[in-house]
Amino acid sequence: GIGVMEHSYTISSHNIRPGDVIILSGTIGDHGIAVLSKREGLAFQTPVQSDTAPLNGLVEEMLKAGGDAIHAMRDPTRGGVAAVLNELAGASKVEMKIVEKAIPVQDAVSGACELLGLDPLYIANEGKLLAFVDPAAAEAVLQSMRAHPLGEKAAIIGEVDGANPGQVSMQTAIGSWRIVDMPVGEQLPRIC
């Protein structure tokens, strides 16, 4: 991209610290499942549309609400949310703890993943972002996201911990904890 940085905030994986809140801007897996369904001729009762979108307007609103309390941001494209969390946990030497029930997934995407044996955490997204925010500003940032069309389904999905550096763990729907590994290969052939 070509442009001008109109702020002086340092937004980097090196700023992520224990206590930060992890915010996801909306439902995951939409893009990957939309592309897969077209490639393979799969039809679902509720059509899945790609989430491809420019995020600059959403980010602008987030910065207005949170400023330097936003420590890092990343888009979960190849490898999905799981890959990004693992990469950032390793780079920041922190643990990422997420909650399965808090992660927004459309019913059609969830159903397609169940049918095909895929995990939405590893599916590509093209119009979503993950933000790592100081807990004091998390609610303001979340509300600014929900007020923007590309963040209406934004959710706090977890927090950063210092206990197990480089690890990503998830509390499952039944309350147990499991490790979310870095993807090995890709669940879907490269789609972009």
Side-chain angles (χ1 to χ4, degrees), residues 13 16 20-37 39-40 42 44 46 48-53 55 58 72-133 138 142 145 150-161 163-192:
S13 63
I16 298 172
D20 281 356
V21 172
I22 304 169
I23 304 176
L24 176 63
S25 67
T27 58
I28 61 171
D30 303 344
H31 180 71
I33 294 300
V35 172
L36 177 68
S37 68
R39 275 190 180 167
E40 302 301 324
L42 303 173
F44 304 110
T46 305
V48 179
Q49 293 187 336
S50 172
D51 62 356
T52 302
L55 297 174
L58 176 63
M73 281 190 265
R74 271 288 292 280
D75 59 324
T77 52
R78 290 184 68 197
V81 170
V84 168
L85 291 176
N86 274 283
E87 288 168 3
L88 295 178
S92 306
K93 297 177 178 45
V94 295
E95 180 180 3
M96 305 288 182
K97 289 184 160 185
I98 58 175
V99 177
E100 185 174 29
K101 287 182 179 180
I103 300 168
V105 183
Q106 289 189 59
D107 289 341
V109 170
S110 180
C113 287
E114 277 186 39
L115 179 72
L116 300 169
L118 302 172
D119 185 337
L121 285 174
Y122 295 90
I123 304 290
N125 306 275
E126 288 293 338
K128 299 299 187 297
L129 65 80
L130 286 161
F132 300 82
V133 182
L142 179 64
M145 294 170 77
L150 296 177
E152 291 174 338
K153 295 183 180 173
I156 293 174
I157 65 164
E159 64 181 21
V160 178
D161 192 287
N164 298 296
Q167 181 174 294
V168 178
S169 56
M170 181 172 74
Q171 185 177 33
T172 67
I174 62 169
S176 62
W177 287 87
R178 75 170 177 95
I179 301 297
V180 177
D181 289 322
M182 186 68 158
V184 178
E186 290 189 67
Q187 289 193 77
L188 306 174
R190 188 160 182 188
I191 55 180
C192 299

(message) Before you tell me yes or no, could you show the steps for Glu126 and Ser50 under side-chain hydrogen bond (donor to acceptor under 3.5 Å, both in side chains), namely the whole-Å CA-CA distance, both residues' side-chain angles and the distance that decides it to 0.1 Å?
(response) CA-CA 8 Å; Glu126 288 293 338; Ser50 172; over 6 Å; no
(message) To check you understand the geometry: which heavy-atom pair defines the closest contact between Leu55 and Gly127, and what is its length?
(response) CD2-O, 3.5 Å
(request) To the nearest 0.5 angstrom, please state how far the CG atom of Leu130 sits from the CG atom of Leu85. (result) 5.5 Å
(message) My understanding is that only residues two or more places apart in sequence, or in another chain, count here; which of them pass side chain to side chain donor-acceptor pair (under 3.5 Å) with Ser37?
(response) none
(message) Nearest 0.5 angstrom please: Ile123 CD1 to Cys113 SG, how far?
(response) 4.5 Å
(message) Using the side chain to side chain donor-acceptor pair (under 3.5 Å) criterion, which residues pair with Glu87? Sequence neighbours excluded.
(response) Arg74
(request) Could I get the full list of side-chain contact (heavy atoms from CB on, under 4.5 Å) partners for Ile174, not counting sequence neighbours? (result) Thr172, Ser176
(message) Checking Asp75 now: which residues fulfil side-chain contact (heavy atoms from CB on, under 4.5 Å) with it, not counting sequence neighbours?
(response) Thr77
(message) By the side-chain hydrogen bond (donor to acceptor under 3.5 Å, both in side chains) test, which pairs, at least two apart or in different chains, include something from residues 97-112?
(response) Asp30-Gln106
(message) To check you understand the geometry: which heavy-atom pair defines the closest contact between Ala124 and His31, and what is its length?
(response) O-CB, 3.7 Å
(message) Under the rule for side chain to side chain donor-acceptor pair (under 3.5 Å), what residues qualify as partners of Asn86, not counting sequence neighbours?
(response) none
(request) Please list all pairs passing the salt bridge (charged side-chain N to carboxylate O under 4.0 Å, His left out) test where one or both residues lie in residues 164-173, with sequence neighbours left out. (result) none
(request) Sequence neighbours left out, what pairs pass salt bridge (charged side-chain N to carboxylate O under 4.0 Å, His left out) with at least one residue falling in residues 168-181? (result) Asp119-Arg178
(request) Quick one: list whatever passes side chain to side chain donor-acceptor pair (under 3.5 Å) with Asp20, sequence neighbours left out. (result) His71
(request) Among residues two or more places apart or on two chains, list those pairs meeting side-chain hydrogen bond (donor to acceptor under 3.5 Å, both in side chains) that have a residue in residues 151-161. (result) none
(request) Please tell me if the side chains of Ile98 and Ile103 come closer than 4.5 Å, counting only heavy atoms from C-beta onward. (result) yes
